[in-house]
Structure formats: C-alpha cells, structure tokens
Amino acid sequence: MKLLEVKNLKLYYQSTRGTVKAVDGISLDLAKSEALGIVGESGSGKTSLSLALMRVLPSNIDTNEGKVILDGKDITQLSEEEFRKEIRWNTISMVFQGAMNSLNPVLKVGHQIAEPMLLEKTVNKKEAYKKSEDLLEMVGLPKEIFNRYAHELSGGMKQRVMIASALILNPKLVILDEPTSALDVSIQAQIMNLLKRFKKELDISMIFITHDIALSSDLCDKLAVLYAGEIIEKGTAEQMFGKPKHPYTQLLLASIPGLKQDASPKFIPGAPPDLTSPPTGCRFHARCPYRFDPCDKKPPPAFKIEKDHLSRCWLNEGDKK
Ligand code: SF4
C-alpha cells in the first residue's frame with residue numbers, strides 16, 4: 001500500500017542569475033515500510049525535494065507546484081497550521097544534512113530529543129524525558145547521555161541523537177539527508193546498520209538521500225537517480241544495481257571503487273549543467289559517452305523497461321514495454 005506519492009513536483013528558485021529549476025517535474029512513490037534511495041550529485045535537486053516534503057523551503061522559492069499525497073490525502077492543500085500539527089515531525093520527520101552540528105550547545109541533548117514532544121503538549125515533561133531516554137538506548141547510546149551537551153559527544157554519537165530526535169513522535173516516514181556524509185567509514189557502517197534495524201523493527205518508511213549510490217545498496221528497496229532536477233532512472237534496488245539502463249546510473253556504479261578488482265574506478269567527465277538554463281534535449285547529453293542524434297534536441301520521456309523500472313534515455317526507446 002502506498003504511503004507517499006509525489007506527482008509532477010516542480011520547485012524553482014529566484015536567484016540573481018535568474019530562475020533556478022532545481023526540481024523539474026519529479027514523480028515518485030513509496031510504500032509503507034519501504035526505503036527509497038534518492039541518489040544524485042550536489043545540485044541535482046535531492047535536498048530541495050526533501051525540504052518540499054517537510055514544507056521548509058527557503059524564502060526565495062518562486063514556483064512550488066505538484067501534488068504530494070500522503071496516506072491518500074493531498075497534503076499540499078493543508079494550511080501551514082494544519083501541516084505543522086498533523087504532518088511535520090508527527091507523520092514525516094527528517095534528519096537534516098549537517099544537523100548534528102546544529103545541536104544547541106547550551107541544552108542537554110536529552111531535552112533536545114524530547115523537544116518536539118514537549119511542544120506538542122500531549123504528554124508531561126517526565127513522560128517526554130522518559131521517551132527520550134528510551135530512544136537514546138534504542139539508537140545504541142547509554143541513557144546517561146541524556147544529561148550531556150553536544151560538545152561532549154563524538155560525531156557518530158551526535159548523529160545517533162539526531163536520529164533519536166526524528167523518531168520521538170513515531171513518524172510513519174523519516175527522511176535522512178546524507179546522514180553519514182561527515183562520518184568516518186566505520187561509524188558510517190554503524191549508522192547504516194542502525195537504520196536497517198529500525199526499518200525492520202519499527203516498520204517505518206524511509207527516504208535516504210545520498211550522493212553515494214553504493215551506500216544505498218544495503219538499505220534501500222528502491223532507488224531514484226536524480227540528474228539536473230529530473231529523475232533519470234528509477235527502479236527496484238535489484239533492477240538498478242543488476243541491470244541499470246541509463247548511462248548516468250551506469251557511470252555512477254562504475255565510479256564505485258572495488259576492493260577486489262584491478263580496474264580503476266571510472267569518473268564522470270564534466271559537471272552538472274547550470275539550472276538557470278537547463279540544456280535542451282537530454283540534460284545529460286554534454287557528458288554522455290553514448291549521445292547520438294536526437295539527444296541534444298529532444299528530451300527523452302521516461303521509458304518503461306519493465307514493471308517499476310523507468311529510464312529517461314533515448315537508448316531505451318526500443319526497450320519500451
Ligand atoms: Fe546519453 Fe542520449 Fe541517453 Fe541522454 S538520451 S543519456 S545523451 S544516450
């Protein structure tokens with residue numbers, strides 16, 4: 001059963017250089033208890049997408065169109081007050097990128113975890129603090145951490161605190177924006193294992209945002225690859241890792257270093273396009289080693305490869321089913 005459906009989402013910002021088309025017609029869906037990986041380079045639109053789901057877009061947003069259906073209800077129609085009461089933190093919560101560095105230095109971390117619950121005023125302070133302690137233990141920290149301050153914690157501990165904070169109101173969906181990017185590899189693995197455990201035990205859905213496609217392989221049931229504000233390929237983890245169809249996805253996978261292979265990892269030449277004037281045709285054409293005649297003129301539609309698997313590349317026109 002679908003928990004979330006995003007339909008034709010467009011997010012454009014005003015800037016001194018013109019209109020930035022950060023997200024340009026994205027559609028995706030997520031079932032209950034499923035983890036969806038959103039993969040892309042910086043500036044591909046993945047963070048804008050998550051900020052739109054939480055309704056915390058920056059003030060220079062100029063166009064915000066499309067539908068976001070949660071549990072069958074179009075939440076774009078809710079007033080700000082309704083959204084704050086019913087959705088933000090209650091139903092959809094988020095671990096923001098770099099959030100572990102924004103913990104308040106003068107408040108005990110346990111209090112900060114409990115804060116959304118205290119603001120709700122549905123339970124008293126004692127109950128909220130008890131839930132905070134329970135969550136600390138759930139994320140693998142001793143409950144004594146409750147009385148510590150942010151400067152007394154390591155990066156991995158702070159990220160566990162942020163995850164605990166996102167879980168305090170028992171949301172149905174947690175968005176994790178690059179939750180491991182500032183951590184050592186061994187700590188990254190611990191956080192990924194924690195997320196896998198939560199997905200299984202807490203029965204929650206997750207949107208895992210990352211620039212590292214390899215990292216998503218263990219956790220995510222489905223993947224959507226973003227490039228220049230568009231989803232260029234999406235499918236199940238099996239389809240995306242086993243039979244990637246879009247050249248950009250293939251190049252992302254070829255760029256993963258392997259411990260046991262002799263071949264050096266490949267890199268993707270060039271840089272993503274300027275989104276104030278996105279390229280005509282396929283947005284990847286300037287970097288694509290396979291471009292051919294229609295690529296720089298006609299934007300490819302999303303071709304259906306097989307059930308759940310779509311690729312926005314002219315090479316896949318013949319694969320259409
Ligand atoms: Fe490459 Fe053309 Fe496919 Fe774009 S449509 S990814 S340029 S082959």
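Along the sequence shown, the residues carry numbers beginning at 1. Values reported hereafter were calculated over all heavy atoms of this structure, with side chains retained and with hydrogens, waters and symmetry mates removed. Every number for a ligand or one of its atoms is a count from 1 in the order of the listing.
Ring geometry, His246 versus Phe284: the interplanar angle falls from 30° to 60°, so the pair is classed tilted.
Side-chain contact annotation: Ser27 with Asn8, donor-acceptor N/O pair under 3.5 Å absent.
The salt bridge (Lys or Arg N to Asp or Glu O under 4.0 Å) analysis of residues 144-170, with sequence neighbours excluded, yields no pairs.
Remark: Glu34 pairs with Leu30, Ala31, Asp221, Lys222 by the side chain to side chain contact (heavy atoms under 4.5 Å, CB included) rule, at least two apart or across chains.
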Using distance only, find each side-chain donor-acceptor pair of residues 247-254 under 3.5 Å and give its atom names and separation, not counting sequence neighbours.
| from | atom 1 | to | atom 2 | distance (Å) |
| --- | --- | --- | --- | --- |
| Tyr248 | OH | Glu41 | OE1 | 2.8 |
| Thr249 | OG1 | Glu233 | OE1 | 2.7 |
| Gln250 | NE2 | Pro244 | O | 3.0 |

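Counting only protein N, O or S atoms, the number found under 2.8 Å from atom 3 (Fe) of ligand 1 is 1.
Taking a cutoff of 4.0 Å between a charged side-chain nitrogen and a carboxylate oxygen, Lys298 and Asp293 do not qualify as a salt bridge.
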